[in-house]
2 protein chains.
Amino acid sequence: MQQLEAIKSYKTFAAGDQIMWRGDALIYVASVVQGVATLSKTMEDGRIQMVGLLMPSDFIGRPDRQTIDFDVVAATDITLCCFARKPFDRLLDTVPHVSQRLMEIALDELDAARDWMVLLGRKTAREKIATFVEMMVRRQHVAGLGLDKQPLVLPLTRDEISNYLGLTLETVSRQLNALKKEGVLRFNDRRRFEVIDMHALHAASGDDADGGVLS
Amino acid sequence: MQQLEAIKSYKTFAAGDQIMWRGDALIYVASVVQGVATLSKTMEDGRIQMVGLLMPSDFIGRPDRQTIDFDVVAATDITLCCFARKPFDRLLDTVPHVSQRLMEIALDELDAARDWMVLLGRKTAREKIATFVEMMVRRQHVAGLGLDKQPLVLPLTRDEISNYLGLTLETVSRQLNALKKEGVLRFNDRRRFEVIDMHALHAASGDDADGGVLS
DNA sequence: CTCATAGCTTGATCTGTATCAAAGAGGAGG
DNA sequence: CCTCCTCTTTGATACAGATCAAGCTATGAG
């Protein structure tokens, strides 16, 4: 792993910056140190679908692939820990443990993508929003913060959320405000919120009871 | 690779048979020799979303994962080439080429899942159907059949297609018949069809011009 | 402090797809 | 050849969410 240390460097981007363009050569791989980035695809006529959300500890890059097929954009100010592609690939060939870890990451992403397919194809607007908020809660807890760290942050605008969930921004706004009115969420400002009724939130998500969220 | 030969066996299933249940221990990995199987997830209340379609040459199984999180069902009669899990895993540790190939497969699936997310989240019913039919054309060509092999087969019922595309069976039926009426497709029976106007089909898919389908 | 602007909310209306309902094939088994 | 039974088609209607259209509210620049 000392070899990895030798080739790493940090890069920062401001909120809104494009980190990589669809079709770009993948000249480095990186992991997110702090901040949030979005992976998204745009159709010819401008319709956008987010296909992933990168948060601290997430990884960008794919062994043996030269390009990526989506845009990567900084949603907030973000710091990446980057490894130049060439030496990283060499490392893969020599250290089996690294490539095993990458396989795990790829399979985790695949599982997440499939869960998202259920959300996009079959869930109602309400269920989509509840699932999204629950995910924000879970991921911000995992990010080393205490279990009762409140308020939490919505790292995306209403418009970005709508592109993640396959909705319009108006529908996102209405559903979020409905959850507020019902006393499930409380907002300090547009970005900062607290979950008042975790049980109701989960019940609204359409997911199996006790997915282990509260454990 | 002789080691792989030594541990393989064939299994067949009839159309409709459940091949693996969600949560099942993954006691073998397999590749599809012939026939089609579906991967799908069912919500508590019965809503179903297909998250993948296995056709000849596709692979089931994931290194280092003990269970799967979706159902695998035979859509047609199907033959699998199976490898017992334990010896297969041992092989992974000793033959790097195999695990590289598995990584490629996982990344291909991830790309496919992300494309499907765009379809589910942003495409209209018409675009979904056109994309699906185009995919059937492409995959049946790849399966070693001549480029002009017609008629082609729809290996799924209208109901199954609706679960793949995030629609209802009625909408699938209507859209398919609309394409027929417009002279884009021709049906011999419910399952066998020909593409009359490939260009119109592609134009209706919502995908970028010339995705290399016709080349 | 004031303005400009990007993001958000809220209301009215429209529409694509779901839902509900019923009847029409096609194939398998007797 | 008839009879189920499953799959499919087709029509009528309902509704969730999109679209269109104002306003509103933070925030950052000047």
Side-chain angles (χ1 to χ4, degrees), chain A residues 14-17 38 43 45-49 73-77 119-132 153-182 185-193 204 206, chain B residues 14-16 38 43 45-49 73 75-77 119-132 153-182 185-193 204 206:
Chain A
D17 284 0
T38 63
M43 294 174 66
D45 61 1
R47 278 173 285 176
I48 294 173
Q49 177 63 52
V73 178
T76 64
D77 292 349
L119 177 144
L120 292 171
R122 291 305 186 198
K123 287 190 179 179
T124 64
R126 165 59 62 101
E127 289 169 337
K128 288 176 174 183
I129 293 286
T131 303
F132 173 73
V153 172
L154 236 35
L156 304 177
T157 64
R158 305 291 185 264
D159 189 45
E160 289 165 331
I161 295 171
S162 74
N163 289 329
Y164 198 18
L165 300 178
L167 297 170
T168 59
L169 69 151
E170 293 95 331
T171 299
V172 170
S173 176
R174 280 186 245 268
Q175 291 295 340
L176 245 16
N177 287 319
L179 286 173
K180 184 173 83 180
K181 232 166 275 174
E182 291 162 26
L185 301 179
R186 202 165 74 69
F187 283 86
N188 299 311
D189 64 31
R190 300 206 263 232
R191 270 11 189 31
R192 302 186 145 274
F193 72 100
Chain B
T38 63
M43 293 175 67
D45 61 1
R47 280 173 284 177
I48 295 172
Q49 176 63 52
V73 178
T76 63
D77 291 350
L119 177 144
L120 292 171
R122 290 305 187 198
K123 287 190 180 179
T124 63
R126 164 60 61 103
E127 289 168 337
K128 288 176 174 180
I129 293 285
T131 303
F132 173 73
V153 173
L154 237 35
L156 305 177
T157 65
R158 305 290 185 264
D159 189 45
E160 289 165 330
I161 295 171
S162 75
N163 288 330
Y164 198 19
L165 300 178
L167 297 170
T168 60
L169 68 149
E170 293 94 331
T171 298
V172 170
S173 176
R174 280 187 245 269
Q175 291 295 340
L176 244 18
N177 287 319
L179 286 173
K180 185 174 84 180
K181 232 166 275 175
E182 292 163 24
L185 301 180
R186 204 164 73 71
F187 282 85
N188 298 311
D189 64 32
R190 300 207 262 231
R191 256 61 184 346
R192 304 188 145 274
F193 71 99

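Predicted, not measured: the structure shown is a model, and the values here were computed from it. In what follows, every chain begins at residue 1, and chains take the letters A, B, ... in the order their sequences are listed.
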Going by heavy atoms in the side chains, are [X] and [Y] under 4.5 Å from each other?
| X | Y | value |
| --- | --- | --- |
| A:Leu176 | A:Phe187 | yes |
| A:Thr38 | A:Tyr164 | no |
| A:Phe132 | A:Leu156 | yes |
| B:Leu120 | B:Gln49 | yes |
| B:Arg47 | B:Asn163 | no |

In whole angstrom, give the distance that lies between atom [atom1] of [X] and atom [atom2] of [N].
| X | N | atom1 | atom2 | value |
| --- | --- | --- | --- | --- |
| A:Arg158 | C:dG7 | CZ | P | 12 Å |
| A:Ile129 | C:dT9 | CD1 | P | 11 Å |
| B:Arg191 | D:dC7 | CZ | P | 9 Å |
| B:Phe187 | D:dC7 | CZ | P | 17 Å |
| A:Glu160 | C:dA6 | CD | C1' | 12 Å |
| B:Leu176 | D:dT10 | CG | P | 11 Å |
| A:Lys128 | D:dA16 | NZ | P | 14 Å |
| B:Leu154 | D:dC7 | CG | C1' | 13 Å |

* Asked: Where do B:Arg126 and B:Leu179 land on the side chain to side chain contact (heavy atoms under 4.5 Å, CB included) test, with the steps shown first?
  -> CA-CA 9 Å; B:Arg126 164 60 61 103; B:Leu179 286 173; 3.8 Å; yes
Compare every heavy atom of [Y] with every heavy atom of [X], then report the nearest pair and how far apart it is.
| X | Y | result |
| --- | --- | --- |
| B:Glu127 | B:Gly206 | OE2-CA, 3.9 Å |
| B:Pro155 | B:Ala75 | O-CB, 3.9 Å |
| A:Ala125 | A:Thr171 | CB-CG2, 3.7 Å |

* May I have the step-by-step check of side chain to side chain contact (heavy atoms under 4.5 Å, CB included) for A:Arg191 and A:Thr157, ending in yes or no? => CA-CA 8 Å; A:Arg191 270 11 189 31; A:Thr157 64; 3.5 Å; yes
* Is there a donor-acceptor pair closer than 3.5 Å between any side-chain N or O of B:Arg122 and the backbone N or O of A:Leu167? ->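 A pair under 3.5 Å: yes.
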* How bent is the helix from C:dC1-D:dG30 to C:dG30-D:dC1, comparing axes over its five end pairs at each side, to the nearest 10°? ->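 The two end axes of the helix from C:dC1-D:dG30 to C:dG30-D:dC1 meet at 40°.
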* Asked: Is the phosphate of D:dT8, meaning OP1 or OP2, less than 4.0 Å from a side-chain N or O of B:Asn177?
  ->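 No, because none of the side-chain N or O atoms of B:Asn177 sits under 4.0 Å from OP1 or OP2 of D:dT8.
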Is there any protein nitrogen or oxygen under 3.5 Å from a nitrogen or oxygen in nucleotides 23-30 of chain D, and what are the pairs?
none

Could you write out each protein N or O paired with an N or O of nucleotides 12-18 of chain C at a distance under 3.5 Å?
residue: C:dA12; atom: N6; partner: A:Arg174; partner atom: NH2; Å: 3.4
residue: C:dT17; atom: OP1; partner: B:Ala125; partner atom: N; Å: 2.9
residue: C:dA18; atom: OP1; partner: B:Thr168; partner atom: N; Å: 3.4
residue: C:dA18; atom: OP2; partner: B:Thr168; partner atom: N; Å: 3.3
residue: C:dA18; atom: OP2; partner: B:Thr168; partner atom: OG1; Å: 3.0
residue: C:dA18; atom: OP2; partner: B:Thr171; partner atom: OG1; Å: 2.4

